[in-house]
Amino acid sequence: NCLNSCVNSKVAKSRVEIVFVDDGSTDNSLKEVLKFSEEHYNVKIIKKHNAGVSSARNIGIQVAQGRFITFLDSDDEINSQTFDYVIQRLLCCNIDLLICNSVDLDTGKNLLREYPSQYRHMQITGKELLTSGYVRGSACGIFYNRDLIINNNILFEESISLGEDSFFILKCLLNAENIWYLDTPVY
């Protein structure tokens with residue numbers, strides 16, 4: 001479902017690059033992605049030995065050519081009806097981070113209750129957001145300006161296997177000057 005949601009979104013293929021990092025999967029996912037890549041020119045496949053999620057995400061960052069990056073796990077889906085809106089928002093506002101609401105597909109409940117309500121409809125810096133007590137445990141559901149990541153040499157810490165997403169997000173927030181929140185569930 002993850003790959004289907006990406007390639008079947010209403011966004012023009014020329015506006016989205018999908019980087020699939022296979023880090024030693026033992027199921028049929030690589031076979032499925034190879035089939036998708038034959039039908040969709042915007043799908044790139046990177047095959048590597050299993051070195052953990054941080055290593056896979058770092059390879060994705062290094063290979064990605066787009067202006068913005070987001071991360072999806074294999075059990076995630078993008079809401080195709082709002083994805084185009086997200087791209088328009090990213091391109092018009094010089095955003096460093098766009099933090100999106102998420103929905104649990106099984107229950108239909110919003111997952112991001114912790115975003116401070118006083119900042120929901122305004123631009124904020126990462127330091128301001130951190131000062132409010134904002135903490136996030138998943139790198140998914142955020143759109144990152146690639147320049148923010150590259151120019152500040154922000155990568156996932158491969159030597160840790162618990163909290164690596166939080167550490168990555170913290171580094172991004174410390175360097176982000178223009179953060180927006182999107183209450184509409186995208187992921």
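Bear in mind the structure is a predicted one, so any value in this text is a computation, not a measurement.
Nearest heavy-atom pair across K171 and I154 is O-CD1, 3.6 Å. S29 and D27 get closest at one heavy-atom pair: OG-OD1, 2.6 Å. L97 and L173 make their closest contact through CD1-CD2, 3.7 Å (heavy atoms, listed as atom of the first residue, atom of the second, distance). Residues N178 and C93 share a closest heavy-atom pair of ND2-O, 3.0 Å. Contact between V21 and K48 at its shortest, heavy atoms only, is CG1-CD, 3.8 Å. Closest approach of F156 to E164, counting heavy atoms only: CD2-O, 3.9 Å.
The shortest distance between side-chain heavy atoms of N152 and L148 falls below 4.5 Å. Proximity of V43 to E17: side-chain heavy atoms (C-beta onward) are nowhere separated by under 4.5 Å. Looking at R57 and D165, their side chains come closer than 4.5 Å, going by heavy atoms from C-beta outward. Contact of the I99 side chain with the I179 side chain is registered, since non-hydrogen atoms from C-beta on lie closer than 4.5 Å.
Residue K31 holds its NZ atom at 6.0 Å from CG of N28, rounded to the nearest 0.5 Å. Taken from CH2 in W180 to CD1 in I124, the straight-line distance is 10.5 Å, to the nearest 0.5 Å. Interatomic distance, CZ of F167 versus SG of C172, reported as 11.0 Å (0.5 Å rounding). To the nearest 0.5 Å, the span separating CZ on R136 from CG on L130 amounts to 13.0 Å. Atom CD1 in I160 sits 6.5 Å away from atom OG in S54 (nearest 0.5 Å).
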Open item on the list: Pair V135, L170 - check side-chain contact (heavy atoms from CB on, under 4.5 Å), show working.
Closed with: CA-CA 8 Å; V135 178; L170 176 62; over 6 Å; no
Task: Trace of the side-chain hydrogen bond (donor to acceptor under 3.5 Å, both in side chains) decision for T125 with E128 - done: CA-CA 5 Å; T125 69; E128 289 171 315; 3.2 Å; yes
Open item on the list: If you apply the rule side-chain contact (heavy atoms from CB on, under 4.5 Å), what do you find for K44 with Q65, and how did you get there?
Closed with: CA-CA 11 Å; K44 289 182 184 177; Q65 298 297 307; 3.6 Å; yes
Open item on the list: Assess the residue pair I69 and F143 against the criterion (side-chain contact (heavy atoms from CB on, under 4.5 Å)); give the C-alpha distance rounded to whole Å, side-chain angles, the decisive distance to 0.1 Å, and a yes or no.
Closed with: CA-CA 6 Å; I69 294 173; F143 289 79; over 6 Å; no
TODO: Please step through side-chain contact (heavy atoms from CB on, under 4.5 Å) for the pair L34 and L30, ending with a clear verdict.
DONE: CA-CA 6 Å; L34 286 168; L30 181 59; 4.1 Å; yes
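Counting only N and O atoms by type, the side chains of S55 and N58 include no donor and acceptor under 3.5 Å apart.
Residues I95 and L182 share a single hydrophobic cluster, defined by chaining ILVMFWY side chains whose heavy atoms lie under 4.5 Å apart. In terms of hydrophobic clustering, with Ile, Leu, Val, Met, Phe, Trp and Tyr side chains grouped at heavy-atom distances under 4.5 Å, L155 and I150 are assigned to a common cluster. Connection of L174 to I169 is established within a shared hydrophobic cluster, with ILVMFWY side chains joined at heavy-atom distances below 4.5 Å, either directly or through further cluster members. Hydrophobic clustering (ILVMFWY, side-chain heavy atoms < 4.5 Å, transitive): V33 and V19 are in distinct clusters.
The six-membered or imidazole ring of Y134 lies away from that of Y181, with a centre-to-centre distance of 6.0 Å or more. F71 has its ring centre less than 6.0 Å from the ring centre of Y144.
For the side-chain contact (heavy atoms from CB on, under 4.5 Å) criterion with I149, the lone passing option out of N175, I61, D96 is I61.
Cluster partners of V53: none. The rule joins Ile, Leu, Val, Met, Phe, Trp and Tyr whenever side-chain heavy atoms lie under 4.5 Å apart, and it links nothing here.
With hydrogens and angles ignored, the 3.5 Å screen pairs no side-chain donor or acceptor of R67 with any backbone N or O of R146.
Around NZ of K47, the count of heavy atoms belonging to other residues, nucleotides or ligands within 6.0 Å exceeds 12.
For F68, there are no ring pair (Phe, Tyr, Trp, His ring centres under 6.0 Å) partners at least two apart in sequence or on another chain.
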